[in-house]
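Here's the structure we're looking at; comments come further down.
Here is the naming used below: chain letters follow the sequence lines, and residue numbers restart at 1 for every chain.
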There are 4 protein chains.
Amino acid sequence: MAVDRERVLKEAAALLTRRATTSMDEIARAAGISRATLHRHFAGRDALIRALEEHGIAQFARAMDAARLDEGDAAGALRRLIEAAEPVAAVLAFLFTENQLFEGDEVNAGWARLDARITALFRRGQAEGDFRIDLSAAWLTEALYGLMGAGAWAVHEGRVARNDLNHSIAELLLGGIRRSMEK
Amino acid sequence: MAVDRERVLKEAAALLTRRATTSMDEIARAAGISRATLHRHFAGRDALIRALEEHGIAQFARAMDAARLDEGDAAGALRRLIEAAEPVAAVLAFLFTENQLFEGDEVNAGWARLDARITALFRRGQAEGDFRIDLSAAWLTEALYGLMGAGAWAVHEGRVARNDLNHSIAELLLGGIRRSMEK
Amino acid sequence: MAVDRERVLKEAAALLTRRATTSMDEIARAAGISRATLHRHFAGRDALIRALEEHGIAQFARAMDAARLDEGDAAGALRRLIEAAEPVAAVLAFLFTENQLFEGDEVNAGWARLDARITALFRRGQAEGDFRIDLSAAWLTEALYGLMGAGAWAVHEGRVARNDLNHSIAELLLGGIRRSMEK
Amino acid sequence: MAVDRERVLKEAAALLTRRATTSMDEIARAAGISRATLHRHFAGRDALIRALEEHGIAQFARAMDAARLDEGDAAGALRRLIEAAEPVAAVLAFLFTENQLFEGDEVNAGWARLDARITALFRRGQAEGDFRIDLSAAWLTEALYGLMGAGAWAVHEGRVARNDLNHSIAELLLGGIRRSMEK
DNA sequence: TATGAATGAGTCTTCATTCAT
DNA sequence: AATGAATGAAGACTCATTCAT
C-alpha cells in the first residue's frame, strides 16, 4: 500500500505548526508509517520541511487562483483570498516563522512570487482608489500574513470561533477598528 | 566579573526570536560566556525561556504603565501602547508563538493579566463608542499581537522603515485599509 | 531474464575489493538488478561474501591446477602459479583482509586446503634445495599473498604496468632485491 | 581528567585494524570514554580516521627519521626502516586498504611524501649498485608495504613469531627465496 | 565564580532485510 | 522471477546538563 504523501505532509504540518521541534519519529507515527519509511520519502528533516514549503506554496497559489484576485473590486478579491487561504494559514505561519531561508533557491523564488501577487492586489486597490495609499502595499502584505497567523492561532486557542475567523480578519483589515459615521 | 544577566536575556531573545531552536551553546556564545556558566545562571533551557517570559512580561507591563491606558480616548491610548511596546514586540512575538504553556503557573497568570489589560482597553473603546463592537475585544487583542509581530519582522527584513512602524500598525488597526470619505 | 549470478559476483568483487563497506544497494545497482533481487539470490550480505569466497577459492584452486604445482622445479611452478592466479589476486586480497573468519566451517576448510597446497610447494622447493630454509614455508605463503595483493593494487593505482606485474612479483619473490654476482 | 588522545587513537587503530567496521561505540568503550566524548574529540567517524591517518603518517615519518635512511648502505637502511616501522605496520595496512582517498588534500600529500622517501631509498640502492635495477623503485615501495602488511597479519594470526618478523621481511625482500651459492 | 571537559539521553539517518504485488 | 515499498535494528550524531578544577 503506497504511502500517502499528502497525508504525511498534512500530519507533519499539523504537528510542526503546534511544536516546531516535533521529532521525525512523532511525525512518522502520526502518519502511520515507520521512521525509516518517512526517510525513504523525505531524505531528511530538512527535506521534509522543504517539501512542506513547496506544498504550502502550491496550496497558497491555488487559493489565490481560486480567489480570482484580478476580478471585481480589490476589497472583494481580498475577502475571497482570506477565505480561500484559511486552510493554509497555520502552515504558512509556521513556515514563515521557522523558514531557515535557504537563500537564493527555488523555494524562496516561490515565496517571492506569492508575495508579489498579493502586493499587486493591494496596489490595484490603491490605484483604483479603494485602498488608502499612505500604507505601503508591502506592509499590507505582511500585515495580512500577521493577521492570518494570529487568527489561526486564536482559533486554535479557542479565543475566536472558527466561523467568525474570515470575517474577523477581513473586517479588521478593510475597515479597521474605528466606528465610522457612514457605517 | 559578574555575568550581565540582562545581556544574556537580550541576546537570547534576539536569537530565539529568529530561530526557535537556537541551542544553548549559541546563546552562550552570543552572550560571551561559556555554556556551563549559562547553566549556572539559568537552571536549564526551560528556566531560561521562563526567565525570558518573565522579563518580557515585566517589560510589557511597564510599557503599558507608560502608555497610561486609562487616560484620554481609547484610540490615543492604543497609539501610545503601540509606541511604548515597540521595543518588546519581537520578544513578545516569539514567546507568543513558542510559549509551551506551562499550564497553570505564575507566568501564565502574568500573560493573562496583560491580556486582560489590553482587552479592557478595547472594551473601553467599544463602550465609549469609539471602536466598533462587531469585532470581539479578544480578537482585537490577538490581532494587535499579530500586527506587532508582523511589523517587527517586516522591519527586520527591511520591508518597512523602522520610523514608519508604529504609524503603520496604528493606522491599519484603527482605520483599516479602506479609503473613507471623511479622511 | 535470469539473473547472471556470475556477473553479480564479479561486480561485487570489484566493488568490495575497493571498499569493504560497499552497501548491498551499490552492489545491486552495479549488477543491474534491484536490491530485493540481490537478496533473492544471496540470502544476505554474509551469504554473498560467503559465495564470493567460495567462488574465489574455486577459481584459485583451478588456477593451481592449471599451474601444475607438482611438475618441474619449484621456482617454475611458482612462476606458473603467480601467472595463473593473477586474475583472482584482487578478490583474494579482499577476502584475505576482510575474512571475518566464520570459524570452523567449510569455507575455512577450503582456504586451509589452498594454503596447504602453496605451503607444500614452498616446502618442496626447500627440500629440493632450491629455496632457502631459514624462511618458513608458512611465511612465504603469506608473503606471496601480500605481494600479489600489493601488485594488484599497484596496477590499479597505475604504479605498475599490467604487463610487468607477474614478472615483478616472481622476480622479487625468487631473487630478492639484491644484485648478486652470478645473476 | 583529560582524555588521552593518544590512547584513543591507539585503541581505535587496534580495533579498526582487526575489523574495519568497528563502531564508534566500541572504540569509545575501548578507550574508556563515552561516545559523546569521543565525538567531542573527533568530529565524526571520518575525522577519527583522518586523525588516524595523520598519526600514522607522523609515526611512520618518525620511524624513517630514526632509521636514518641516508646513512650507510641502502640494504642496511632498509633493514633499519623495517625494524623501526614495525609497530606502525598494522595501522598502515589498514589505512592503505581503507583509505577513502580524500583526493587532493594534505593527508594525501603526507602519504606522497612518505612514498617518495622510500622510493628514494630504493633508487639510491640501485644507483650504488646494491639493488637490481630491473624492478622499479615504485614497485619495490609497494612491495615493501605489502610485505609489512602481510607480516603484521601473519603475526596476528599466529603464523609467524613476532621475533622473526623483521628478519623474515628483510631477508625475503633483500635476498629473495632462492638459495644462492655464496650463502 | 567561571569554565573546559565529560556524559546520558535522545534524535537523525542508514542499512540489510522482508513483504506484497 | 523480479521488484517497489516498507521496516527493524543499529549506528552516527547532537544537545542539554553535570562535574571537577
Using whole Å, what does the distance between atom C1' of nucleotide E/dA2 and atom CG of B/D4 come to? 16 Å
For a quick test of reading the model: is some side-chain N or O of A/H41 closer than 4.0 Å to OP1 or OP2 of F/dA5? no
Gap between atoms CD and C1', on D/E26 and F/dA12 respectively (whole Å): 13 Å
In Å, rounded to the nearest 0.5 Å, how long is the span from CZ of D/R40 to CD1 of D/I33? 10.0 Å
Separation of F/dT3 P from C/L38 CG (nearest whole Å): 11 Å
Taking OP1 and OP2 of F/dA2, is either one under 4.0 Å from a side-chain nitrogen or oxygen of C/S34? no
What N/O pairs connect the protein and nucleotides 13-17 of chain E at under 3.5 Å? Give each pair on its own line.
{"unit_1": "E/dT13", "atom_1": "OP2", "unit_2": "A/R45", "atom_2": "N", "d": "3.0"}
{"unit_1": "E/dA16", "atom_1": "OP1", "unit_2": "C/M24", "atom_2": "N", "d": "3.2"}
{"unit_1": "E/dA16", "atom_1": "OP1", "unit_2": "C/R45", "atom_2": "NE", "d": "3.2"}
{"unit_1": "E/dA16", "atom_1": "OP2", "unit_2": "C/M24", "atom_2": "N", "d": "3.0"}
{"unit_1": "E/dT17", "atom_1": "OP2", "unit_2": "C/R45", "atom_2": "N", "d": "2.6"}

How would you list, by chain and number, every residue that makes a side chain to side chain donor-acceptor pair (under 3.5 Å) with D/E26, sequence neighbours excluded? D/R19, D/S23
For B/A31, is there any backbone N or O sitting under 3.5 Å from a side-chain donor or acceptor partner on B/R7? yes
Stems with DNA chain E, 3 or more Watson-Crick or G-U pairs in a row (under 3.5 Å), are E:2-21 with F:2-21
What is the separation between atom CD1 on A/I33 and atom C1' on E/dC19, rounded to the nearest whole Å? 16 Å
Which of these, C/R5, C/E6, C/R50, sits in a side-chain hydrogen bond (donor to acceptor under 3.5 Å, both in side chains) with C/H55? C/E6
Rounded to whole Å, please give me the gap between CD1 in D/I27 and P in F/dC13. 11 Å
Is the shortest side-chain N to carboxylate O distance from A/R29 to A/D25 below 4.0 Å? yes
What distance do D/I57 atom CD1 and D/R62 atom CZ have between them, rounded to the nearest 0.5 Å? 12.0 Å
